[in-house]
Amino acid sequence: MIMKSSVPAVALIALVVSRVQAFVSVGVSGNTHVTITDHAVMAKIQEVCEAVAKSEGREFDPMGSSPEELLHACLGTATGEVSGAKFRTALNQIYMQNGFVDRDFMGSAPHHFNNEAFIEGRNLIIQGTAAIKANVRTDNLQSARETLGRVCHTLQDFYSHSNWVELGNKSPYANLIRPDLNIENIAGVAMPTCSDCISGACPNQLLPAILSGKFLTSGYMGLFSPNKPKGKCSHGGETDLSSKQNPRGGISKDERLSYNANLHNNAVNLASEATLELLEDIRGAIGNKDYLRLMGITRSAVLAFVIDTTGSMAKEIAEAKRVAFKIIDSKKGTQDEPSEYILVPFNDPVFGPLIRTTDPNEMKLEIAMLEAKGGGDLPEMCLSGLQLALTGAPSSSQIYVFTDAPPKDIYLENIITALIRSTKSTVSFFMTTYSRRRRALKAGPNFQAYYDMALASGGQAIQVSKSSISQATDIIVDTSTSALVTILQRSRDPGRVESFSFLLDESVSNTTIYITGSSLTFNLHSPTGVSQSNTVANGPLGTIQKVGNLQRIQLNETEMGLWHIDMTTSQSYTIKVIGQSAITFIYDFVEEFKGPHSGYAVIDGRPSAGSPAKLLLTLTGEKGPEALEVHEVALMEVSGVKVSNGTIEKMGGGDFLVTVKDVPEGEFVILLKGKDKTFSSLFQRQTTTLMSQSKVTVKAIADSSMLPGEEFKLNFTVTTNGSSGTYTIHARSDKNITVAHTPTLSLVSGGSAQGTVSLTPPADTVSGTDVTLTIEAEGPGGSDSNYAVLRLSVLSKVTDLTPPKCEIFDIQGTCYSSSCSSSNWELSVNITDNNGTGIESISIQQGSGNLTQKEVEDGVMGLYEASCCSTSVTLSAVDKVGNVGRCSYTMKSSAGSRLISMSLPLWASLLLYSFLRESFTL
Ligand SMILES: *[C@@H]1O[C@H](CO)[C@@H](O)[C@H](O)[C@H]1NC(C)=O
Ligand SMILES: *[C@@H]1O[C@H](CO)[C@@H](O)[C@H](O)[C@H]1NC(C)=O
Ligand SMILES: *[C@@H]1O[C@H](CO)[C@@H](O)[C@H](O)[C@H]1NC(C)=O
Ligand SMILES: *[C@@H]1O[C@H](CO)[C@@H](O)[C@H](O)[C@H]1NC(C)=O
Ligand SMILES: *[C@@H]1O[C@H](CO)[C@@H](O)[C@H](O)[C@H]1NC(C)=O
Ligand SMILES: *[C@@H]1O[C@H](CO)[C@@H](O)[C@H](O)[C@H]1NC(C)=O
Ligand SMILES: *[C@@H]1O[C@H](CO)[C@@H](O)[C@H](O)[C@H]1NC(C)=O
């Protein structure tokens with residue numbers, strides 16, 4: 001397989017293939033890590049969605065084959081728009097990391113099963129899988145996805161780089177994902193494995209003794225040196241220097257070439273099957289519901305509050321509670337119902353903890369328990385609380401901060417900005433003041449940090465009096481929706497006379513305009529020429545609600561076409577137009593990397609100044625991306641006027657590579673214009689996170705998880721094309737973990753330097769805990785800076801390697817195909833986890849019956865009862881570290897009616913019973 005990936009999503013394959021066309025025979029569709037992973041991921045989602053739908057007694061019937069239609073069908077019939085953005089984001093988190101393995105671990109043999117590093121490679125898979133399960137258990141889904149992407153890569157490489165295929169195996173090697181089984185029969189260090197291949201293109205170089213002895217071996221990869229142990233196979237290919245050493249050639253099946261087409265195909269098939277088995281194992285450990293959340297199949301809305309709980313905040317807390325209850329109660333059962341709730345209280349000097357739940361009742365309880373006390377009208381730990389919310393919420397969340405005081409922890413400002421850029425979340429602030437103090441409505445210098453962060457994230461900074469806070473919170477209801485899109489956002493300081501236009505398309509509903517600033521005058525014009533000025537609260541176009549520095553204009557109806565808003569004010573202001581629509585896009589800035597498997601990788605921090613900006617866009621719409629066209633992608637200054645067009649390369653599957661040569665100097669966002677072919681309607685969308693280029697880069701790679709109580713060291717490299725001098729390093733984690741780091745680095749322009757960060761998670765850290773580490777490098781005099789954001793997991797050493805045992809010991813009932821609904825059957829199982837960590841949970845993975853469990857001395861006894869209309873069942877038993885044991889059973893229906901069958905003599909029933917026992921699969 002062209003294991004050359006590194007580019008996300010289904011269709012980037014097209015890109016990869018086009019890059020290497022010279023090496024691939026024409027007409028061959030490429031098999032990359034991304035395609036293999038994508039096919040397996042999609043197939044498993046389909047299977048799990050079907051099982052869930054069945055168990056809930058509803059239909060599962062996607063309208064088409066696009067991911068969006070799969071998502072829609074999987075979420076069920078709840079009303080409301082469904083946006084594919086979160087789903088696509090989750091998939092990209094998996095696929096991107098899969099590709100990163102070729103960049104970040106290019107020379108690491110275990111990551112690719114090169115150099116016969118079987119034990120180490122399998123360890124990466126076993127440890128990685130344990131980490132995924134632990135991360136899901138602690139609800140750290142992004143880490144789990146990223147690890148899954150990397151584990152898939154290594155697992156798939158086994159089939160391409162080892163001789164498993166040549167040994168004639170027809171199924172995946174289960175021992176790679178079974179912690180309780182070891183890799184067997186690895187060729188000895190001194191055992192020659194390959195014969196010489198002068199042409200470099202031989203179908204089978206493996207020595208007969210290796211094949212007949214069933215010895216496992218893999219190719220040696222010489223990226224930097226041609227040396228390899230005597231007689232050993234090479235990986236092969238241009239970049240493998242060892243392939244010129246006797247035995248020459250190579251056994252890699254990465255690409256389909258004329259001499260190895262069959263081997264390549266078999267490797268691809270086995271890699272696909274192995275990926276499915278890995279996904280099945282994870283599904284068994286975490287259950288169907290969490291499995292779908294892991295895959296991004298979830299309602300999009302997330303409700304995230306960061307609340308100041310000092311003594312003066314009683315009114316605001318009550319209002320936050322009112323709004324949360326309103327959203328929870330009014331959106332229940334719709335697509336707009338939040339799928340996750342996040343609450344972070346902060347005070348002085350304490351903050352947190354982060355409360356994260358999918359249960360609306362728990363959110364209600366937690367928010368009802370908040371109490372205003374302590375502190376005062378003094379600065380508080382706002383940014384510390386916000387940092388927890390940014391790292392704990394899924395990316396692209398809407399986060400609302402309630403406070404009446406400036407931040408005491410202003411030293412976190414740069415870290416917060418880095419996290420906003422990295423997570424693409426939007427932060428809005430409700431800054432309350434005592435009205436009797438008559439503070440100027442314009443930002444007092446104290447609140448300036450909040451204004452800056454709101455702008456950087458595309459959120460609103462709303463300053464209102466405590467008594468009118470309840471009029472300002474409609475904005476939370478507006479944005480708690482599953483398909484929120486931004487159509488326009490601009491900022492002006494100072495203001496000037498200017499007209500902004502924005503295009504509303506057929507798919508947009510509930511359009512709302514927010515304008516913040518004081519003493520604002522404006523005029524709104526519809527496409528058909530109707531106007532409404534800011535002085536008319538209830539006009540022909542909509543209703544204007546004014547509170548504090550915010551004006552909220554709700555359009556009566558979303559008339560399609562080009563709207564204008566004329567601003568006539570010299571005061572500073574921001575303007576934002578949002579709506580609801582399934583048409584949207586996600587993006588990442590990327591850079592090209594070279595190596596044996598070159599490709600594109602997501603940039604962690606700000607893109608590099610001095611070179612064209614490259615971004616990968618994924619377009620999504622209700623009927624999938626095929627129903628949409630992209631006409632224009634540009635980088636647009638939010639506070640300026642510069643717009644830089646990009647060149648667009650279509651890659652299929654909704655993916656586009658965009659290159660912008662002339663990048664704006666200031667902070668910019670991405671503007672996309674296109675056409676919805678279904679309605680022949682032109683649309684426009686904009687991102688909200690401000691981005692800019694930097695001459696500094698910070699690169700850091702974490703190649704393993706952390707152990708509780710043990711120091712973890714990490715190297716990072718800072719490079720600059722900017723000023724020479726002393727660069728100041730800031731490194732912080734979002735958890736209460738001491739971070740020690742190189743304080744400064746001395747750099748010359750064009751050069752780089754390496755530093756170290758070390759952190760020691762406390763010994764009692766729960767396995768699966770996520771730590772977000774932000775490393776920032778700031779140039780001399782604060783001139784320029786950049787950052788890297790890493791998600792690290794704390795994982796206890798896994799010592800329980802054996803899965804629970806599930807034994808079926810009794811089946812009762814008889815099913816007749818003619819009248820399934822009138823008969824039932826039952827199955828009894830004994831589940832034990834001797835020597836293990838104990839049984840954590842038992843669940844029905846497939847089947848719509850009922851399971852009752854009883855704890856017994858050495859395990860759990862389960863009784864599964866089902867109607868004869870649902871004849872198969874899979875139960876999975878999971879121990880405390882996520883090892884999965886399963887039992888499956890299919891009840892055979894006998895033909896004929898109940899009456900006739902009832903007259904079966906006893907000996908016949910016994911025969912039937914013993915026949916059924918044969919079909920147990922354990
Ligand atoms: C969107 O508009 C529809 C109809 O105008 C309304 O029923 C619905 O509540 C609105 N949704 C939101 C989130 O405001
Ligand atoms: C919009 O709403 C306002 C106030 O509810 C109303 O007076 C006006 O007629 C409406 N306009 C349209 C076009 O529906
Ligand atoms: C950008 O591209 C669009 C569409 O191709 C074109 O209409 C517009 O004039 C271009 N703008 C600039 C500044 O080149
Ligand atoms: C960090 O870099 C130093 C010096 O280059 C090296 O010796 C060390 O192994 C590296 N540590 C890690 C964790 O990569
Ligand atoms: C952070 O950790 C230190 C030492 O482990 C402890 O003393 C302190 O109370 C912790 N702080 C919080 C807010 O948990
Ligand atoms: C199942 O467990 C029960 C209770 O521990 C025990 O009596 C029974 O013998 C077990 N059956 C099998 C088949 O192991
Ligand atoms: C439990 O562990 C011991 C020692 O490792 C081993 O001898 C025994 O067979 C194990 N029992 C089971 C049921 O796995």
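Note that these values count all heavy atoms, side chains included, but never hydrogens, waters or copies made by symmetry.
Put simply, the side chain of S681 gets close to the backbone of E506: a donor and an acceptor are under 3.5 Å apart. Side-chain atoms of T432 never come within 3.5 Å of backbone atoms of K466 as a donor-acceptor pair (strictly under, hydrogens ignored). Here the side chain of T334 pairs a donor or acceptor atom with the backbone of K331 at under 3.5 angstrom. In this structure a side-chain-to-backbone donor-acceptor pair under 3.5 Å is present from S330 to K326. Proximity of a side-chain donor or acceptor of R492 to a complementary backbone N or O of S572 within less than 3.5 Å is not detected. With hydrogens and angles ignored, the 3.5 Å screen pairs no side-chain donor or acceptor of T310 with any backbone N or O of N347. Proximity of a side-chain donor or acceptor of K546 to a complementary backbone N or O of Q551 within less than 3.5 Å is not detected. In this structure a side-chain-to-backbone donor-acceptor pair under 3.5 Å is missing from D784 to G779. Side-chain atoms of R490 come within 3.5 Å of backbone N or O of G640 as a donor-acceptor pair. Checking side-chain atoms of T391 against main-chain N and O of T772 turns up no donor-acceptor pair under 3.5 Å.
Counting only heavy atoms from C-beta outward, the side chains of R496 and S570 never approach each other to under 4.5 Å. Residues F402 and I469 are in side-chain contact: their nearest non-hydrogen atoms beyond the backbone lie under 4.5 Å apart. D474 has its side chain within reach of Q545: a pair of non-hydrogen atoms, C-beta onward, lies under 4.5 Å apart. With a 4.5 Å cut-off on side-chain heavy atoms, L690 and V638 count as touching. Residues L628 and I583 form a side-chain contact, since some pair of their non-hydrogen atoms from C-beta on lies under 4.5 Å apart. Between P394 and E340 there is a side-chain heavy-atom pair separated by less than 4.5 Å. Within the 4.5 Å cutoff, side-chain heavy atoms of P780 are placed close to those of Y727. Considering only heavy atoms from C-beta on, V306 stays 4.5 Å or farther from T403 through its side chain.
N786 and R606 get closest at one heavy-atom pair: OD1-N, 2.8 Å. For P345 against L343, the heavy-atom pair with the smallest separation is CD-O, 3.9 Å. Closest of all the heavy-atom pairs between V669 and T689 is CG1-O, 3.8 Å. Nearest heavy-atom pair across V633 and L672 is CG2-CD1, 4.1 Å. M691 and P607 get closest at one heavy-atom pair: SD-CD, 3.9 Å.
Between the side chains of E776 and N414, at least one donor-acceptor pair of N or O atoms lies under 3.5 Å. A donor-acceptor contact under 3.5 angstrom links the side chains of T511 and T558, judged on distance only. Side-chain contact of Y450 with Q463: a donor-acceptor pair under 3.5 Å is absent, judged by distance alone. In this structure, a donor-acceptor pair under 3.5 Å is present between the side chains of S581 and R685. Side chains of T481 and D336: a donor on one and an acceptor on the other come within 3.5 Å. In this model, no donor atom of one side chain and acceptor atom of the other lie less than 3.5 Å apart for T569 and T521. Of the N and O atoms on the side chains of D493 and Y573, not one donor lies less than 3.5 Å from an acceptor on the other residue. T516 and T574 are linked by a side-chain donor-acceptor pair at a separation below 3.5 angstrom, with hydrogens and angles left out of the test. Residues E559 and T528 have side chains that bring a donor and an acceptor to within less than 3.5 angstrom of each other.
Remark: K642 is not positioned above the aromatic ring of F668, lacking an NZ or CZ atom under 6.0 angstrom from the ring centre and at most 45 degrees off the axis.
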Exercise for the section: Any chance you could lay out the side-chain hydrogen bond (donor to acceptor under 3.5 Å, both in side chains) test for E667 and S692, step after step, and finish with the verdict? Expected result: CA-CA 5 Å; E667 302 275 327; S692 58; 3.2 Å; yes
Exercise for the section: Output, in order, the C-alpha distance, side-chain angles, deciding distance and verdict of side chain to side chain contact (heavy atoms under 4.5 Å, CB included) for L615 and F656. Expected result: CA-CA 8 Å; L615 42 143; F656 299 86; over 6 Å; no
Exercise for the section: Start with the C-alpha gap between T512 and I553, add the side-chain angles, then the distance that decides, and say whether side chain to side chain contact (heavy atoms under 4.5 Å, CB included) holds. Expected result: CA-CA 6 Å; T512 310; I553 309 160; over 6 Å; no
Exercise for the section: Go through the steps to decide whether H564 and L562 satisfy the test side chain to side chain contact (heavy atoms under 4.5 Å, CB included), and finish with yes or no. Expected result: CA-CA 7 Å; H564 295 274; L562 199 61; 4.2 Å; yes
Exercise for the section: Take D329 and K364 through the salt bridge (Lys or Arg N to Asp or Glu O under 4.0 Å) test and state the conclusion after the steps. Expected result: CA-CA 10 Å; D329 295 334; K364 279 185 166 181; 2.7 Å; yes
Handout entry: Audit row: Q460, F430, side chain to side chain contact (heavy atoms under 4.5 Å, CB included) steps and yes/no
Key = CA-CA 8 Å; Q460 308 291 320; F430 293 99; over 6 Å; no
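A salt bridge between D604 and R421 is absent, with no side-chain N of the basic residue lying under 4.0 Å from a carboxylate O of the acidic one. Salt bridge annotation for K675-D505: absent, with no cationic side-chain nitrogen under 4.0 angstrom from a carboxylate oxygen.
Between F589 and Y587, the ring planes lie perpendicular to each other; the angle is over 60°, past the 30° to 60° tilted range. Between W563 and F502, the angle of the ring planes stays under 30°, which puts this pair in the parallel group of the 30/60° scheme.
From L383, atom CG reaches atom CG of D409 across 4.5 Å, with rounding to the nearest 0.5 Å. A distance of 8.0 Å separates CD of Q532 from CG of N538, quoted to the nearest 0.5 Å.
In this structure E778 satisfies the salt bridge (charged side-chain N to carboxylate O under 4.0 Å, His left out) test with no other residue, sequence neighbours excluded. With sequence neighbours excluded, the residues forming a side chain to side chain donor-acceptor pair (under 3.5 Å) with K424 are D588, listed by chain and number.
Remark: K695 NZ is loosely packed, at most 12 non-hydrogen atoms of other residues, nucleotides or ligands lying under 6.0 Å away.
Between F346 and F351, the distance separating the two ring centers is not shorter than 6.0 angstrom.
Applying the salt bridge (Lys or Arg N to Asp or Glu O under 4.0 Å) test to residues at least two apart or on different chains, none of the pairs has a partner in residues 560-574.
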